[in-house]
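Input: a single structure, listed below in structure tokens.
In what follows, every chain begins at residue 1, and chains take the letters A, B, ... in the order their sequences are listed.
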Protein chains: 2
Amino acid sequence: MTEIKTRDRILDATADLLRRKGYNGTGLKEIVKASEAPLGSIYHHFPGGKEELGAEAIRIAGRTYNALIQAFFESATDPALTTQAFFDGAAEVLRVTDYEDACPIATVALEVASTSEPMRAASGDVFESWITDLCADFEALGMDPSKTVDVAIELLMLIEGAFLLCRAWKDTTPMEIAGRAAVEAVRAALDRVSGCAGSR
Amino acid sequence: MTEIKTRDRILDATADLLRRKGYNGTGLKEIVKASEAPLGSIYHHFPGGKEELGAEAIRIAGRTYNALIQAFFESATDPALTTQAFFDGAAEVLRVTDYEDACPIATVALEVASTSEPMRAASGDVFESWITDLCADFEALGMDPSKTVDVAIELLMLIEGAFLLCRAWKDTTPMEIAGRAAVEAVRAALDRVSGCAGSR
DNA sequence: GTCTATAGAAGGATAGAC
DNA sequence: GTCTATCCTTCTATAGAC
């Protein structure tokens, strides 16, 4: 009973710290302090140590952010307008949080890509789950199923690249450029008639 | 005389380690070992310690990668073809290096964005220098000067987002999608007549 | 299952001989 | 300017009391 709560507190605190300080920048002591749990509990609930805890925290963070994405796209009516709103929202969050609150797993994903196979796999799974759900949304909105994957991936690459540049520059201009490009990509994929809107 | 060589060895080793293991994942002891320099020399040449060394190493790595970008675009004739070749090259390097060799500063940039102002500034300067030089190339290739910045930034966001997904998935599909999108963006900006190639 | 104490290694940084 | 020895902190991980 209390077990589940302690475990969840540890996971939540870890997910939050990983987003803000990355994997190598987050110590177990810090996690222990933030979650108000004893150090021993971490190794009780996550026998694999920091790596196992980190991998699971990434998946938690991934589900949380997926819920945000779905809040925009799941019940959307106008895909282009929704895409614009999503990128506008991301820019607003960056400004409000002084460019701290961006993608919850991007920093960690890059850190562990070549150093921890379980964590790389976890980050890969999270990105894949975002794409899968986005594809379902796009298809429900009338997009040709053969085009959804490419559009969803392009959208994700644009926002991740924008997060990186916006944070490095402390400026949301890249997010605005990314938003316009994403809207164009969504519009182009929705046009039933290829005609002159195509790729020339 | 020997001073310059030691300093450069330290910087080169640091740039290499930062690219592969990130900022928090790279220790000074490791840098000392890789550069075959005594620990004291680091603090002699970089009184600001790890932060000052890291900032300077980022700028070095940025110049090196800029040279690679310019090798493609500086003397290009067909911008779209060159863009395609650049993204194809990035994909090839990822495959050959088992997805280890991507952007030399992206991991560090995300790690330090909210934790070290000097290093954030260094990463921002590097990205800016890439954009500036790319804009000059695009303009020389006949692109409308009012469009170069947006296209260059979109191109950079696409490749950075692609690096992230490719590494997390160990798959170059995202880079191929990014390449197609980048080529489209370059082509669209080069079309003198707006006509039907425009934004619908 | 909770929690404390501590081991053992690695982290950044400094002092001072040469 | 080069290099070594060392300090203090923080890291992950483990042992074992409760």
> CD of A:Glu51 versus C1' of D:dC11: gap in Å, rounded?
Replying inline: 15 Å
> Excluding sequence neighbours, so at least two apart, what forms side-chain hydrogen bond (donor to acceptor under 3.5 Å, both in side chains) with B:Arg167?
Replying inline: A:Ser114
> Checking A:Lys50 against A:Tyr23: charged group under 6.0 Å from the ring centre and within 45 degrees of the axis?
Replying inline: yes
> Taking B:Thr64 for the side chain and B:Ile60 for the main chain, is one N or O donor matched with an acceptor at less than 3.5 Å?
Replying inline: yes
> Which listed nucleotide (C:dT2, D:dA13, C:dA13) is nearest to the side chain of A:Thr6?
Replying inline: C:dT2
>> Taking the nucleotide of DNA chain D with the nearest heavy atom to each, does A:Glu30 or A:Gly40 sit closer to the 5' end?
In response: A:Glu30
> In whole angstroms, how far is the C1' atom of D:dT12 from the CE atom of A:Met119?
Replying inline: 15 Å
> To the nearest angstrom, how far is B:Tyr23 atom OH from C:dG11 atom C1'?
Replying inline: 12 Å
> Quick one: which of D:dT4, D:dA13, C:dT2 gets closest to the side chain of A:Pro38?
Replying inline: C:dT2
>> Side chain of A:Tyr43 only, heavy atoms from C-beta on: which candidate in C:dA13, C:dT2, D:dT14 is closest?
In response: D:dT14
> How long is the line joining NZ of B:Lys50 and P of C:dA13, in whole Å?
Replying inline: 8 Å
> Any Lys/Arg nitrogen of A:Lys5 or A:Asp8 sitting under 4.0 Å from an Asp/Glu carboxylate oxygen of the other?
Replying inline: no
>> What's the closest nucleotide to the side chain of A:His45 if the choices are C:dG11, D:dT14, C:dT2?
In response: C:dT2
> For the pair made of CD1 in A:Ile42 and P in D:dT14, what is the distance, rounded to whole Å?
Replying inline: 13 Å
> Among the nucleotides D:dT2, D:dT12, C:dG12, which one has an atom lying closest to any side-chain atom of B:His44?
Replying inline: D:dT2
> Expressed in angstrom and rounded to an integer, what is the separation of A:Leu28 atom CG from D:dT9 atom P?
Replying inline: 20 Å
> Looking at C:dA5, D:dT2, C:dG12, which one has an atom nearest to any side-chain atom of A:Leu39?
Replying inline: C:dA5
>> From NZ of B:Lys5 over to C1' of D:dT2, roughly how many Å is that when rounded to an integer?
In response: 15 Å
> When you measure from the side chain of B:Ser41, which nucleotide among D:dT12, C:dG11, D:dT2 comes out closest?
Replying inline: D:dT2
> Are the side chain of B:Glu160 and the backbone N or O of A:Glu160 linked by a donor-acceptor pair below 3.5 Å?
Replying inline: no
> To the nearest angstrom, how far is B:Phe46 atom CZ from C:dA13 atom C1'?
Replying inline: 16 Å
>> Any donor-acceptor pair under 3.5 Å linking the side-chain atoms of A:Ser116 with those of A:Glu51?
In response: yes
> Checking side-chain contact (heavy atoms from CB on, under 4.5 Å) for the pair A:Glu139/A:Asp144: CA distance, chi angles, key distance, verdict?
Replying inline: CA-CA 7 Å; A:Glu139 195 171 338; A:Asp144 182 342; over 6 Å; no
> Considering the terminal five base pairs at each end of the helix from C:dG1-D:dC18 to C:dC18-D:dG1, what angle separates the two local helix axes, rounded to 10°?
Replying inline: 10°
